[in-house]
Amino acid sequence: MPPAKDRPKSYTESDIRVLEGLDAVRQRPGMYIGSTGVDGLHHLVYEIVDNSVDEALAGFATRIEVELYPDDSVLVADNGRGIPVGENAQYKGTSTVEVVLTKLHAGGKFGGGGYHVSGGLHGVGISVVNALSEWLNVEVRRDGFEWRQAFKDGGHPVGLLEKGSRTKSTGTLVHFRPDEAIFETTEISRKTLAERFRETSFLVPNLQIVFRDFREEDADTNPWEETYAAKNGMVDFIALLNSTRKPIHRHVILCSSARTSDDGSSMSVEVAAQWNETFNDSVHSFVNVVNTKHGGTHEEGFRTGLTSSMNKAARKYGVLKDSDENFSGDDFREGLTAVVSVMLSNPQFEGQTKAKLGNTEVKGFVRSAVAEGLGAWLDAHPAETKAILKKVKDASQARKAAKKARDLARRKSVLDSADAGLPGKLVDCQSPDRAGTELFLVEGDSAGGSAVNARDRNTQAILPLRGKPLNVERTSVAKALENAEIAAIAATLGCGIGSEIDASEMRYGRIVILSDADVDGSHIRTLLLTVFMRFFRPLLDEGHVYVAQPPLYQVRFGSEKVYARDDAELEAVVAGHKGNAKAVVSRFKGLGEMSSEQLWESTMNPATRSLVRITVEEAALADEVVSKLMGASVEARKDWISENAGDVRFLDI
Ligand code: 1YM
């Protein structure tokens with residue numbers, strides 16, 4: 001807090017108490033917004049936008065505008081009722097606007113009647129954004145007038161709420177600049193925000209979100225702009241998720257249910273689903289409009305409801321005979337694209353990332369909603385139901401065949417290799433303890449040879465892969481295992497594949513994909529990552545999968561050697577070198593051309609290399625990118641890959 005002489009005249013004792021609250025936020029920002037990295041920065045924007053989304057869910061706002069400016073400030077405006085401007089009932093002498101902006105409150109909202117539904121991961125409210133901003137201006141249109149108030153240096157009011165000109169319209173606008181002293185970066189990612197706004201528009205009916213970015217040169221007159229609005233809500237969401245896949249039935253299945261308990265708490269659920277020709281399960285779940293990447297009780301309820309109503313239908317249509325066992329949950333999920341959206345007044349989140357719903361009462365609620373709603377839909381659409389059940393039956397047969405194939409593959413490889421069950425071309429490491437061990441998947445036999453010589457034989461194992469990996473976008477587990485390279489990867493990892501995976505059985509601590517630093521190399525990397533996406537997903541989720549960063553150049557300054565990954569790094573290395581020695585640059589044509597020593601120094605030595613960990617942060621987006629790419633024509637794929645070559649983070653979204 002600034003010394004007394006610097007405080008505005010309007011300061012009162014209660015303001016001081018209030019600001020003590022905001023100072024606590026500045027002292028431990030992580031507790032309120034998760035981190036002070038880029039995720040925390042985005043969280044600030046969501047916190048404000050969520051207020052506007054609440055206003056839309058309450059039926060008052062229909063339009064939200066979000067704008068990014070070159071000074072890294074962010075503006076959010078909505079056409080809702082406007083934050084109340086009168087004296088606050090709880091804090092006499094202070095406007096409700098000021099209370100909302102300066103008073104910490106766990107639920108984010110108070111003074112109003114409704115409950116806070118959107119947001120939810122932290123749901124800390126707009127005052128936290130004020131506390132973490134260099135400056136923040138709020139404008140409200142309400143009760144026939146425009147009102148404004150300014151804050152600076154972490155939430156200190158510059159003056160009182162001022163009444164301005166008359167207006168007939170209503171709404172709230174917040175413009176703020178995240179505090180550079182708090183955040184490691186103040187550069188907001190347009191792509192991350194755009195993805196979230198697009199999702200929001202699918203889940204909130206009658207809402208339009210306009211997103212503009214004024215940060216590029218000349219953008220003040222002609223900014224980048226996108227508008228998100230989904231006329232058909234979740235049906236549009238499914239259509240987008242399935243845009244590169246062929247649905248096997250025409251209508252998107254929709255069901256919903258809502259309930260209010262005696263204590264006034266309420267919950268509602270909406271589910272949209274459609275099966276497609278692929279073998280992939282693509283289920284996305286949301287709580288209060290926020291993506292729950294790690295699922296939780298609502299997803300569990302969805303899965304059990306789905307399994308029971310589908311098995312019932314299978315018996316009704318004679319796809320299952322009396323003596324047959326039920327289909328398993330996995331059989332129903334092959335080729336299923338679904339969105340599960342629940343609204344809860346009191347969501348409880350679990351896990352470190354708070355991306356998993358914990359409320360136990362939700363499971364049964366969603367299960368019966370789905371069992372009933374889906375059951376009714378299936379009864380009303382016999383032809384489509386039969387098409388789905390045919391797919392389920394195929395899936396079930398394929399699953400049984402895959403199990404046989406897998407058992408067979410295991411036994412066969414036992415005969416092939418001295419090591420129990422391991423492929424012959426694997427050069428394993430010696431450490432019996434999997435912690436600290438690494439499996440390198442290496443493109444090509446010759447590079448594999450250099451890697452074998454270069455490696456630390458105690459902790460680094462090498463599996464050379466021949467040619468391009470199989471494109472698995474439209475492949476079942478059984479079919480994929482017929483491919484020698486994929487079978488070798490599965491046998492080497494030893495943790496199972498597809499739905500029968502157990503990540504804890506993986507034989508290595510890390511998997512490192514090592515391919516050339518060129519376009520072909522990045523194509524191979526993409527295909528391999530798709531194999532992991534589709535068949536070894538838990539390994540990605542748990543952060544076991546990495547991409548090595550082999551250099552494209554070696555630069556010598558006399559006896560000193562430096563490596564550079566790309567042209568930009570080469571330029572930086574040469575420009576940044578101090579001393580008189582002349583730079584001698586050589587370019588590697590591929591991994592196979594590097595000596596073992598070079599490969600070790602630049603790419604494999606844990607002390608000097610850099611690895612990129614591949615995570616599936618935005619599962620929905622990654623899924624879309626992978627299928628778009630994998631389903632696309634060869635030409636489109638090549639174009640896309642050469643544009644994005646070298647940037648492995650495209651799957652890191
Ligand atoms: C750009 C950010 O904050 N919009 C917004 C906030 C509120 C209301 C409307 C609102 C809510 C209620 C009644 C209510 C808030 N009000 C409060 C509080 N946009 C943005 N739009 N009237 C207006 O919930 O009953 C907190 S936020 F507490 F004052 F009611």
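Order of listing sets the numbers, starting from 1, for every ligand and every atom in it.
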Undergrad: Which option out of Thr172, Val76, Asp50 puts a heavy atom nearest to atom 5 (C) of ligand 1?
TA: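 Considering heavy atoms of Thr172, Val76, Asp50, the nearest to atom 5 (C) of ligand 1 sits in Thr172.
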Undergrad: Quick one: ring-ring contact (aromatic ring centres under 6.0 Å, His included) pairs with a partner in residues 198-233, sequence neighbours left out?
TA: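 Sorted pair list: Tyr69-Phe214, Phe197-Phe211, Phe202-Phe237, Phe211-Trp224.
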Undergrad: Salt-bridge test for Glu299 and Arg303: reply yes if a basic N is under 4.0 Å from a carboxylate O, no otherwise.
TA: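 So Glu299 pairs with Arg303 through a salt bridge.
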Undergrad: I'd like a table of donor-acceptor pairs (distance under 3.5 Å, sequence neighbours excluded) in which one partner is a side-chain atom from residues 253-261, with atom names and distances.
TA:
none

Undergrad: Mark up the atoms of ligand 1 that fall under 4.0 Å of a heavy atom belonging to Ile48, in ascending order.
TA: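 Those of ligand 1 that fall under 4.0 Å from Ile48 are 1 (C), 2 (C).
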Undergrad: Please could you name the atoms of ligand 1 that Ser52 approaches to less than 4.0 Å, counting only its heavy atoms?
TA: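 Answer for ligand 1: 1 (C), 2 (C), 19 (N).
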Undergrad: Quick one: which ligand 1 atoms are inside 4.0 Å of a heavy atom on Arg142?
TA: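 In order of numbering, the contacting atoms are 22 (N), 23 (C).
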Undergrad: Using the side-chain contact (heavy atoms from CB on, under 4.5 Å) definition, which of the options Lys163, Glu139, Arg141 pairs with Glu146?
TA: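 Looking at Lys163, Glu139, Arg141, the match for Glu146 under the side-chain contact (heavy atoms from CB on, under 4.5 Å) is Arg141.
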Undergrad: What distance do Ile238 atom CD1 and Ser243 atom OG have between them, rounded to the nearest 0.5 Å?
TA: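 The CD1 atom of Ile238 sits 11.5 Å away from the OG atom of Ser243.
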Undergrad: Regarding atom 9 (C) of ligand 1: of the candidates Glu55, Lys103, Glu47, which has the closest heavy atom?
TA: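 Among Glu55, Lys103, Glu47, the closest heavy atom to atom 9 (C) of ligand 1 belongs to Glu55.
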Undergrad: With a 4.5 Å cut-off on side-chain heavy atoms, are Asp179 and Arg26 touching?
TA: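 SC-SC contact between Arg26 and Asp179 confirmed.
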Undergrad: Quick one: does Gln208's side chain have a donor or acceptor within less than 3.5 Å of a partner on Thr62's backbone?
TA: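 No, Gln208 side chain to Thr62 backbone: no donor-acceptor pair under 3.5 Å.
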Undergrad: I want to know if ligand 1 touches Thr96 in the polar sense, i.e. an N/O pair below 3.5 angstrom.
TA: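 There is no such contact.
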Undergrad: Heavy-atom contacts with Asn51 under 4.0 Å: which atoms of ligand 1 show up? List them by number with element.
TA: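 Close to Asn51: 3 (O), 20 (C), 27 (S).
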Undergrad: For Asp78, take its heavy atoms, then give the atoms of ligand 1 lying under 4.0 Å from any of them.
TA: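 Every atom of ligand 1 under 4.0 Å from some heavy atom of Asp78: 1 (C), 2 (C), 4 (N), 19 (N), 20 (C).
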Undergrad: Against ligand 1, does Gly82 come closer than 4.0 Å with any heavy atom?
TA: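 Gly82 counts as a contact of ligand 1 under the 4.0 Å cut-off.
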